[in-house]
Every structure is written in structure tokens, then in C-alpha cells.
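Labels below follow one simple rule: chain letters A, B, ... track the order of the sequence lines, proteins then strands, and each chain is numbered from 1.
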Protein chains: 2
Amino acid sequence: MGIAERKIRQKEEFKASILEAAWLQVLADGWQSLSIRKIADAIEYSVPVIYTHFENKEAILLEFTKEGFQKLADQLQGVKDQHSDPSVQLEAIANAYWDFAFEHKEYYQLMFGLGIPACEMVNQIAEMKVMTMIMISTIKEAIEGSENREADYFLKYHTYFSILHGIVSIQMIQKEGKPAEEKRMILQDAISGFIKSLIIK
Amino acid sequence: MGIAERKIRQKEEFKASILEAAWLQVLADGWQSLSIRKIADAIEYSVPVIYTHFENKEAILLEFTKEGFQKLADQLQGVKDQHSDPSVQLEAIANAYWDFAFEHKEYYQLMFGLGIPACEMVNQIAEMKVMTMIMISTIKEAIEGSENREADYFLKYHTYFSILHGIVSIQMIQKEGKPAEEKRMILQDAISGFIKSLIIK
DNA sequence: TACATTTGTTAACACCGTTAACTATTGTGC
DNA sequence: GCACAATAGTTAACGGTGTTAACAAATGTA
């Protein structure tokens, strides 16, 4: 009575082949270029068959998002297990997180909804430099009036800016939830930590 | 001979009316819902007239991106001027940055290419919780073995995660540029600062 | 063999950005 | 005032997107 099981197996294989074709497209031209029609073309079936295996395009992307979080969690657990001191673990996890993001760029962008039009333009926006200069000059002044005068102000600027953007964009993704009061504390915590490490040796 | 000037002025007004219609659409349904056709509909002209004022859709979005950075820089400069101590300034700038992002969500998302499909789904992804748990448990352990045992581990987790994501996504937007060596230093700097403020009172 | 179910197809709908080809309107030189 | 050139604005199309209704072909069952 293996014929029902064979059918299920074939269905799974079909689903897998859809995901494989989709992933090849994502790797080739980024996930914004992914289209149902291209997938159908790649697997040499008509378009609607895809909808018998996935509710819609988003469901396909969701699959990759889950896969991404699984892979990421695996890698983080892996490096955590290599150390015993929690502080060292936190450092190792941070590095592994960074590695994952850049070794699996497509996954990461999908997981956090990154990289649309601005991606290409943000580099050539002169207007951004004003903001940059305000931040850099303030950091420079802070360093000069501190006991840590040999600090690299450009490095510190990047850190400062990255912390700000990280906090904002994470909170933007997690739509609502916590009250604003609580949210602001995260900012407060991160920035006070940054400033301390900036001005104290 | 004011007729040439009137023409220029009218052209400017037309351009402005396009941007205004576009912005209303963005405010109403987010910038992913913006389409040339909807703009044309709103200003009651045919589609191609828009292309006589803007090269393409991206140029319209670019206009808003510039506007956004200008507004942001203004606000940051404004709060910086209200203080004299650089450390206080850095804190005020951080708060103003946060305020800008959430008071002008659409601008911010445009400026940093945020919020595509994942935005809606990232909340309901069970797979993410594994990663979350790894980070939280490590932070908890670090706190318990530190001299700062009353630290809020959940707050610290958010800070940690936000810093990681911020560094990664900023570096992903600024495609290439610095060598990997230098990039990793930003991570190193931010994380070592975080860990210090985590375990030291 | 006759029927029902599954499987896959074609063709359409309603959108999208972009552009070529055309018309109506305006301004200019005679 | 009139013919001509320049401008402004139009329609209609091209090629693309996600999604689905209607249909045909293959398969399994009675």
C-alpha cells in the first residue's frame, strides 16, 4: 500500500524542486527578481501548479526566512558550545552572527526585509553627509574632552550610527508590542553604554 | 519678459504637485504601494507627463530620500545646539534620531530601504525564537556571573541584538568599500563596549 | 467500460514601469 | 492674420508582475 506514500513523497519532491528553482533565481539575481513565472519556467511547468503547493509568493519567501533563522540559530549554538565563559560566548556569537549575515546575504536580507531601492542610492546621497558630519564632529569633541583621547573617532562614529539604526529598525520590524517608554529604554541603555566606552579608558 | 519665468515656475509647481500626490499615497498605504499610475490618477493627468518631470520612479523616491536626510540633519543639529557637553549632545542626538524615525516612519523606511515582505511576517516566525533563546540565555548567564546581577536581561538582549543588526545592515547598505578587516573592528568595538557595560557595575 | 478524481493546462484579470507614436495646443516669424 | 515650429499632453502599446477561473488530459476506482 505504498502508493499513497509515494504520492506524498512526490509532492514533497515537487515542493522541494520549486524551492530549489526559486533559490537559484534568488542567488543569481537577488530575491527581488524572484517571480512565480520564472520558477514555473525553471521547473518546466505552468504557473498555476505552484499555487497548488504554496498559497502565494509570500509563502515561498516565508519558507526561506524560516530556513534562514534555522541556519542562523544552528551556527550561533555551534560557536556558543565552543566556549564556556558567557562573555566570550557573547563575543563569539556576535562574530558568528556577522559571518552568517555576509556569507548568506540573501537569507539575511530576506529575514529582515532589507535592501530595496534605497540600497543602490544611499551611497550617492550628498544630503546624508550633513547628518554624518554632525555625528562625527560631536564624537570628535567628546573624545577630545575625555580621558580616552587616542580613540578612533571614525570607528566610533560607525559604532554609534550602527547602534542607532539597529535599534530603530528592529523596533520598526516588530510592529508595536511594547510601550514607547520601554522601547526608549533600549536606546537609553545602548547609548549610555556606548558613551561610557567612548569617554572612559 | 516674465513669461519664461512663469513657465519655469509652473514647471516647478507641477513637479511639486507630483511629489505631493506621491507623498499622500505613501502616507496612506506605505511607499511600496506607490505607483506612477496612481500619481497620474491623483493629479488628473496621463501617465507619461510624469516622465517629463522625473526620469523614473526611483527619481521620485530619491527626492523623498534627500528630503528625509535634510529633515533628519536639521533635527539633529537643532538638539545638538541645545547642549554644550558633547556627551550630553550624543545622548540628545540619539533621542532625536529615534524620534525622527518614528515620527516620520515612511521617510526612515525609504532612506534605509526598510520594510518589504518580511516586515509583516517576521513576527510570526517560530524559528526566530530559537535564536532569541540562545542570545537571552547567554546574556542571562553573563549577568549572573557578573558584579551587575540586577541588570535586566531582556533589556540587555534587545540592546545586544539591535547592535548586531544595526552593524550588519548598515554595512550591507554601504555596499563594499572598506576591507572586511576594518568592518569587523566596528563589530568588535560595539560588542566589547556592550559586554563591558553588561558585566561591570 | 463508465465515472470520478486528480493533475496540469490555457487564458484571462488587474495591476506595474516605461516608451513610441500621435494630436492638440501654444508661441514665433513673416 | 497665417504658416510653421515647438511644446504639452494624449492614447496605446510592450513586456513584466501575482493570482485565479475555466477547461482538458491523465489517472484511479467501481
Nearest whole Å is fine: how far is [N] [atom2] from [X] [atom1]?
X	N	atom1	atom2	value
A/Asp41	D/dG16	CG	P	11 Å
B/Phe14	D/dT7	CZ	C1'	13 Å
B/Ile18	D/dG9	CD1	P	10 Å
A/Ile50	C/dT10	CD1	C1'	15 Å
B/Lys11	D/dA6	NZ	C1'	12 Å
B/Glu44	D/dA8	CD	C1'	17 Å
A/Ile39	D/dG16	CD1	C1'	15 Å

Please tabulate, for side-chain N and O atoms in residues 34-44 of chain A, each donor-acceptor pair with protein atoms closer than 3.5 Å (sequence neighbours left out).
| residue | atom | partner | partner atom | Å |
| --- | --- | --- | --- | --- |
| A/Ser35 | OG | A/Arg37 | N | 3.4 |
| A/Ser35 | OG | A/Lys38 | N | 3.1 |
| A/Lys38 | NZ | A/Ser33 | O | 2.9 |

Quick note, side-chain hydrogen bond (donor to acceptor under 3.5 Å, both in side chains) partners involving residues 190-200 of chain B, not counting sequence neighbours, are none
Would you mind writing out the side-chain donor-acceptor pairs for residues 10-22 of chain A within the sub-3.5 Å range, not counting sequence neighbours?
| residue | atom | partner | partner atom | Å |
| --- | --- | --- | --- | --- |
| A/Ser17 | OG | A/Phe14 | O | 2.8 |

Anything under 3.5 Å between a donor and an acceptor, one on a side chain of residues 46-54 of chain A, the other on a protein residue two or more places apart or in another chain? List them.
| residue | atom | partner | partner atom | Å |
| --- | --- | --- | --- | --- |
| A/Thr52 | OG1 | A/Val49 | O | 2.5 |

Do we see a donor-acceptor contact under 3.5 Å between the side chains of B/Asp81 and B/Gln77? yes
Name each donor-acceptor pair under 3.5 Å that joins a side chain in residues 91-100 of chain B to protein atoms two or more places apart or in another chain, with its distance.
| residue | atom | partner | partner atom | Å |
| --- | --- | --- | --- | --- |
| B/Asn95 | OD1 | A/Arg184 | NH1 | 3.0 |
| B/Asn95 | ND2 | B/Glu91 | O | 3.1 |
| B/Tyr97 | OH | B/Tyr108 | OH | 2.7 |
| B/Trp98 | NE1 | A/Gln171 | OE1 | 3.3 |
| B/Asp99 | OD1 | A/Arg184 | NH1 | 3.1 |
| B/Asp99 | OD1 | A/Arg184 | NH2 | 2.8 |

For residues 126-140 of chain B, dump all side-chain donor-acceptor pairs below 3.5 Å to protein atoms at least two apart in sequence or in another chain.
| residue | atom | partner | partner atom | Å |
| --- | --- | --- | --- | --- |
| B/Thr132 | OG1 | B/Met128 | O | 3.0 |
| B/Ser137 | OG | A/Lys80 | NZ | 3.0 |
| B/Ser137 | OG | B/Met133 | O | 3.1 |
| B/Ser137 | OG | B/Ile134 | O | 3.0 |
| B/Thr138 | OG1 | A/Lys80 | NZ | 2.9 |
| B/Thr138 | OG1 | B/Ile134 | O | 2.7 |

With sequence neighbours left out, what residues match B/Glu150 under salt bridge (charged side-chain N to carboxylate O under 4.0 Å, His left out)? B/Lys201
Taking five pairs at each end of the helix from C/dT1-D/dA30 to C/dC30-D/dG1, what angle separates the two helix axes (nearest 10°)? 30°
If a protein heavy atom is under 4.0 Å from the base, mark B; if only from the sugar-phosphate, S; if neither, -; do that for nucleotides 15-22 of chain C going 5' to 3'. -BBBBB--
